[in-house]
Amino acid sequence: QAISDAGITLAPDSVAPTINASTTPALTNAGNVITLAGGNVVEYFSITNTSGSAMLGNAAGSGTSTIHDIAVSNTSGNGVNLTANLGTVNFSNLTIATSSGNAFAATGGGTINATQDNVSTINTLTSTTGVALNVSNTTIGASGMTFRSIFAGTAASGPSKGIVLNNTGNSGGLTVSGTGSAGSGGIIQKATGNAVELISTKAPSLSWMNITNNTGSGIRGDSINGGLALSNLSVTNSSTTTSNCATPSDTVNCQAVIFL
């Protein structure tokens with residue numbers, strides 16, 4: 001079943017409508033599709049939005065929200081966009097693909113978790129020219145944020161940055177797992193800035209990713225608690241052969257990995 005021109009605003013501590021159907025209910029809208037308020041349960045939806053956000057949290061809330069089994073595809077719109085503190089929001093089984101919009105952004109505070117088992121429950125993020133993952137001034141919870149893959153950019157064009165973690169606390173960290181083959185953890189390419197930016201965050205772990213052909217650093221890290229784990233990662237850039245920064249301020253010409 002499909003609902004067009006869908007714009008659902010949830011009250012605090014409420015559950016999104018459940019539609020009995022043999023297939024996943026589909027919601028489409030030219031603007032925001034689901035607006036969260038804190039303490040919500042949202043499950044089993046396929047969402048398409050051409051602008052706005054598939055899931056928006058722009059007003060402070062509280063409690064714990066559970067969001068799972070959500071597929072998002074859009075053109076110029078955003079996927080998940082949390083600009084306010086909603087308390088704790090737990091995600092699982094997310095598939096988000098955007099064109100120019102950001103795939104997943106949590107910048108308003110509160111606590112975010114994203115869990116998967118990488119078999120039946122899988123989280124993936126993809127954006128053509130938007131930032132695939134941005135968690136800033138928001139705590140990653142003790143369960144962490146785990147994704148099978150994170151893709152940003154194409155061979156022709158890319159985002160400003162692919163992954164941004166900034167001031168995410170010391171409870172949990174980001175894990176990109178891949179599936180055991182090159183590039184299965186995602187590809188970040190053609191970023192006009194740093195491809196992966198990790199600042200004041202806890203113990204990120206990146207596996208089976210390709211980071212290539214970006215204008216800024218492949219990975220920029222600063223004040224990482226617990227270290228950075230890199231496994232089966234390829235970081236290459238064609239714009240320069242420089243692999244190390246001459247000075248800490250040389251973040252444009254440094255093309256591989258820099259820790260400040």
Side-chain angles (χ1 to χ4, degrees), residues 57 64-68 79-82 85-96 102-119 121-127 131-152 159 161-180 183-188 191 193-211 217-235 256-260:
T64 299
S65 295
T66 301
I67 299 170
H68 65 91
V80 172
N81 185 23
L82 308 181
N85 184 337
L86 298 178
T88 298
V89 186
N90 297 322
F91 294 91
S92 65
N93 222 22
L94 293 181
T95 301
I96 300 177
N102 300 324
F104 189 112
T107 59
T111 300
I112 305 294
N113 296 291
T115 58
Q116 65 163 40
D117 62 16
N118 211 21
V119 179
T121 304
I122 299 166
N123 298 322
T124 64
L125 301 176
T126 303
S127 184
V131 178
L133 176 65
N134 179 10
V135 182
S136 297
N137 301 313
T138 300
T139 299
I140 297 177
S143 297
M145 297 189 74
T146 302
F147 297 89
R148 170 181 283 187
S149 63
I150 299 178
F151 287 84
K161 298 173 183 178
I163 297 173
V164 177
L165 301 182
N166 192 331
N167 191 27
T168 64
N170 294 317
S171 297
L174 169 68
T175 299
V176 179
S177 62
T179 59
S184 62
I187 301 171
I188 310 295
N194 300 317
V196 178
E197 195 165 88
L198 309 170
I199 302 172
S200 298
T201 191
K202 180 179 180 180
S205 175
L206 308 177
S207 300
W208 299 106
M209 296 188 73
N210 292 340
I211 300 172
S217 301
I219 301 173
R220 177 183 182 246
D222 190 2
S223 301
I224 295 177
N225 177 26
L228 170 64
L230 303 177
S231 175
N232 296 287
L233 202 77
S234 173
V235 182
V257 180
I258 176 175
F259 291 91
L260 302 180

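These values consider heavy atoms only, across backbone and side chains, with no hydrogens, waters or symmetry-generated copies.
The minimum heavy-atom distance linking G227 with P204 is given by the pair O-CD, 3.7 Å. Considering every non-hydrogen atom in both S177 and N118, the closest pair reads OG-ND2, 3.3 Å. Minimum interatomic distance between V176 and G185 (heavy atoms only, all atoms of both residues): CG1-O, 3.2 Å. The minimum heavy-atom distance between T138 and G108, with the atom names listed, is OG1-N, 3.5 Å. Annotation for A103 and A132: closest pair CB-O, 3.3 Å, computed over non-hydrogen atoms. Across all non-hydrogen atoms, the minimal contact from G183 to I187 is O-CG1, 4.4 Å.
Here the CG-OG distance, from L82 to S65, works out to 9.0 Å after rounding to the nearest 0.5 Å. Put simply, CD1 on I112 and OG1 on T107 are 9.5 Å apart, with the number rounded to the nearest 0.5 Å. Separating the CG atom in N90 from the OG1 atom in T66 is a distance of 5.5 Å, to the nearest 0.5 Å. Between the OG atom of S200 and the CG atom of N167 there is a distance of 6.0 Å, given to the nearest 0.5 Å. Taking CZ of F104 as the start and CZ of F147 as the end, the distance is 5.5 Å to the nearest 0.5 Å. One finds the CD1 atom of I163 at 11.0 Å from the CZ atom of F151 (value rounded to the nearest 0.5 Å).
At a threshold of 4.5 Å between non-hydrogen side-chain atoms, the residues V89 and I67 count as touching. Using a 4.5 Å heavy-atom threshold, the side chains of L228 and L198 count as touching. Side chains of I140 and L165 form a contact here, defined as non-hydrogen atoms less than 4.5 Å apart. Looking at L230 and I219, their side chains come closer than 4.5 Å, going by heavy atoms from C-beta outward. Considering only heavy atoms from C-beta on, T115 stays 4.5 Å or farther from T121 through its side chain.
Put simply, the residue from L206, T168, T146, V135 that forms a side chain to side chain contact (heavy atoms under 4.5 Å, CB included) with L174 is L206. Residue R148 is tested with N123, T175, T179 for a side chain to side chain contact (heavy atoms under 4.5 Å, CB included); the sole match is T179.
Side-chain atoms of E197 do not come within 3.5 Å of backbone N or O of K161 as any donor-acceptor pair. Looking at S143, its side chain never comes within 3.5 Å of a backbone N or O of N113 through a donor-acceptor pair. Side chain of N194 to backbone of S217: a donor-acceptor contact under 3.5 angstrom is found. Side-chain atoms of N225 do not come within 3.5 Å of backbone N or O of T201 as any donor-acceptor pair.
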